[in-house]
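This chain uses plain numbering: 1 for the first residue, then up along the sequence.
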Amino acid sequence: MLPYINVPFQYVAGALGASTDELKLISSFLLSYPLAALLKRVPDAKPALKNLFIIGSVLDTSLRRSSLILVRVSAFYLVGLFDLWDGVRTLAITSTVAYCIASYVQGPFMPWIGFVFLMGHLSVNQLSRQYRNDPGVVDITGAQMVLVMKLTAFCWNVADGRLPDKDLSEEQKERAIKRLPSLLYFAGYVLFFPSLFAGPAFDYVDYKRWIDTTMFEMPKGSDPAKKAPTKYKRKIPRSGTPAAWKAATGLFWILLFLKLSGFYYPDLFTSDQYMTHGFAKRVFMLYLLGFSTRLKYYGVWSLTEGACILSGLGYKGVDPATGKVSWDRLRNVNPWGVESAQNTRAYLGNWNINTNNWLRNYIYLRVTPKGKKPGFRASMATFVTSAFWHGFYPGYYLTFVLASFVQTVAKNCRRYLRPFFLDPKTTQPTIYKIYYDIFSWFITQITFSFATAPFVLLTMPASLLVWTRVYFYAVIGTALATGFFASPARPFFINKLNKRSGNTAGGLQRTHSNESLAGREPLLGLPPDPQEEFAEIVEEVKAEMEARQRKGMSRANTMPESSTKSIYPRNISSAK
């Protein structure tokens, strides 16, 4: 750590009531902006120099005036600010072993070997962090979580590059790595400083296209007039304005977090002071605890996304109709989508978007045999991966399990209740739809305030204590709703909806909106419908047992006569 670097942070932390490491982390995000601006100005024709800028070396000794800036860009973050020498070793081990596995291990099991190593190494550090139990101190696990997403995807992309195109989906073809990158390119990908500590994660192909500027080429047949404006003959479009907006938004969320977190903090909810308020106030305070916690992530992810945009990596293309540039390639959260969500799928789908994509593309779809639809095994593998990736605090698992059942209830509500507020012929909202929207938003928000509280409180005793203090309202409500939809009420609603829509064919005729949310892909690893998953497990076990019985009977019927007779003694009297 640099001498005296803690002094200004300690002073500001004392004034704001924040931890020193949290302020240093925010400062590192802000520092990424001028560094990203310099990185963007490295000549397009020198991608190697860009990599060296990122990993903290100097390519050309003639650039002496730039050496103070170039030296230790990523190393300064890890060591200069946080003294994370062990963290440097951890990232070095993780990335080196993953690269060696991708390089030297052949065959279909290579990505799984990489996955087991990366998750195992992360789990060891997660347990170590949990043992130290100091949430205010920045350690390497945050950066390692991001790196695990990047490197597991890297192993799969390398494996895809070794397969013929006919065996790959269109998305896999696009992401496949046909030729293993050099160590310089790989190191730049691993240590990309704007997303080093908190993400967003991205695939190597995106990094490669960004660094060699092929990302910014217009598709064939496009109108040249629609090309995004650039400066100084660079291919990277101007990105200062969208990056500045992201930075301003991120700082707004961070300042709001610092303000609210002083009033709503975890220890308040386990203290006697919390119980001096009435039940409604306690529920509202629980909502504010979740909201203030989300503000921190809104701020961090907005700041890191803005730095990626400034470097050019956030570029997603140009709208051919309007010519407007999209910078949402690495968007990790949609705050308005979360806060205005009226169902669990919208809530989770707008949160930690890149982690959702990673779990879908590299876990959920990868455990599914080719030609088959994903089933409960894919959902379970995704759930376990998501849980282990987050860590081992009991509070995480309380949240995951409850949220899974909440998803089922929400799906049933949208399937059997929401259509009553839509016109059966046009599926357009009726005048009463606004009441359904307000009620579903309210229920979604207070339910997730309850369900995510353990994610903030972390420990089992604290989580159960707080749940007890609000009378387990979300658990009871979820259980009652689950029982309600498992009762004769469900066929009653189906019958009413069919009569309302004039459907005489039987079965529920779903709206387009319901169909759009009927996918089985889990969000953040949460099983979309635990009841259906369990029913599928039972059916599969039954089918397996029946298949074995039939196989056993078939063997018995085809057994040779001599072998059948040999089971019994030839002469009963002699056997005696």
Side-chain angles (χ1 to χ4, degrees), residues 25 29 118-119 122 126 135 141-153 194-203 206 246 249-250 253-254 257 290-308 314 328-341 343-365 379 381-391 393 395-404 406-407 410 444-445 448-449 451-456 458 519 521-528:
L25 187 62
F29 298 147
L118 291 165
M119 287 297 297
L122 172 64
Q126 293 279 31
T141 53
Q144 193 178 5
M145 290 169 72
V146 176
L147 197 55
V148 164
M149 288 194 287
K150 293 168 73 172
L151 293 181
T152 50
S195 64
L196 181 64
F197 279 116
F202 47 89
D203 289 347
D206 289 330
K246 279 292 178 182
T249 303
W253 294 128
I254 291 292
F257 161 72
F291 177 66
S292 62
T293 303
R294 291 193 298 275
L295 289 174
K296 176 173 64 176
Y297 291 97
Y298 293 161
V300 166
W301 286 335
S302 294
L303 288 175
T304 56
E305 184 187 347
C308 291
D328 290 342
R329 178 181 294 276
L330 300 181
R331 190 178 193 183
N332 206 34
V333 67
N334 177 7
W336 175 249
V338 174
E339 301 304 328
S340 64
N343 56 75
T344 57
R345 200 161 185 86
Y347 192 102
L348 297 173
N350 287 291
W351 176 264
N352 213 348
I353 297 169
N354 286 297
T355 300
N356 272 323
N357 293 336
W358 170 66
L359 290 169
R360 173 190 179 274
N361 294 330
Y362 299 109
I363 308 298
Y364 183 71
L365 296 178
S379 294
T382 310
F383 175 84
V384 172
T385 299
S386 178
F388 281 20
W389 181 79
H390 280 90
Y393 281 103
Y396 295 162
Y397 297 86
L398 288 176
T399 295
F400 289 147
V401 172
L402 178 57
S404 299
V406 170
Q407 279 202 100
T444 298
Q445 296 298 326
F448 269 95
S449 297
T452 57
F455 219 91
V456 181
L458 300 179
E521 293 181 5
L523 293 171
L524 291 181
L526 300 180

Do the non-hydrogen side-chain atoms of Phe455 and Thr293 ever get within less than 4.5 Å of each other?
no
Are side-chain heavy atoms of Gln407 and Leu348 found at a separation under 4.5 Å?
yes
Anything under 30° is parallel, anything over 60° is perpendicular, the rest tilted; go ahead and classify Phe400 against Tyr396.
tilted
Pairwise side-chain contact, Phe257 with Val300, heavy-atom cut-off 4.5 Å (strictly under):
no
Worked verdict on Phe291 versus Glu339 for side-chain contact (heavy atoms from CB on, under 4.5 Å):
CA-CA 9 Å; Phe291 177 66; Glu339 301 304 328; 3.7 Å; yes
Interatomic spacing from OH in Tyr397 to NE2 in His390 - rounded to 0.5 Å
10.0 Å
Correct closest heavy-atom pair for Asn334 and Ile353 would be N-CD1, 4.3 Å
Identify the heavy atoms of Met149 and Ala201 that sit nearest to each other, and give their distance.
CE-CB, 3.7 Å
Note: Leu330 and Glu305 closest approach over all heavy atoms is O-CG, 4.1 Å
Identify the two heavy atoms, one from Thr249 and one from Ser302, that lie closest to each other, and give their separation to 0.1 Å.
CG2-OG, 4.4 Å
Within a reach of under 6.0 Å around CZ of Phe388, are more than 12 heavy atoms found that belong to other residues, nucleotides or ligands?
no
Look only at the side chain of Thr304 and the backbone of Gly199, and say whether a donor-acceptor pair between them is shorter than 3.5 Å.
yes
Within a strict 4.5 Å, meaning less than it, do heavy atoms of the Leu359 and Tyr364 side chains meet?
no
Of all the heavy-atom pairs spanning Cys308 and Pro200, show the shortest one and how long it is.
SG-CD, 4.0 Å
Parallel, tilted or perpendicular: rings of Tyr347 and Phe448 (30°, 60°)
parallel
Are the side chain of Thr444 and the backbone of Thr344 linked by a donor-acceptor contact shorter than 3.5 Å?
no
Do Thr152 and Trp358 come close enough that some side-chain heavy atom pair is under 4.5 Å?
yes
Any donor-acceptor pair under 3.5 Å from Asn343 side chain to Ala346 backbone
yes
In this structure, CG of Leu118 is separated from CG of Leu151 (nearest 0.5 Å) by 5.5 Å
Which heavy atom of Thr141 sits nearest a heavy atom of Leu122, and at what distance?
O-CD1, 4.2 Å
Do Asn352 and Asn332 touch side chain to side chain, with heavy atoms closer than 4.5 Å?
yes
Heavy-atom side-chain proximity of Gln144 to Gln126 below 4.5 angstrom
no
Would you give the length of the straight line joining atom CZ of Phe29 to atom OG of Ser195, rounded to the nearest 0.5 angstrom?
10.0 Å
With sequence neighbours left out, write down each residue that passes ring-ring contact (aromatic ring centres under 6.0 Å, His included) with Tyr297, or none if nothing qualifies.
Trp301, Trp351
When you compare the side chain of Asn354 with that of Phe202, does any pair of heavy atoms fall below 4.5 Å?
no
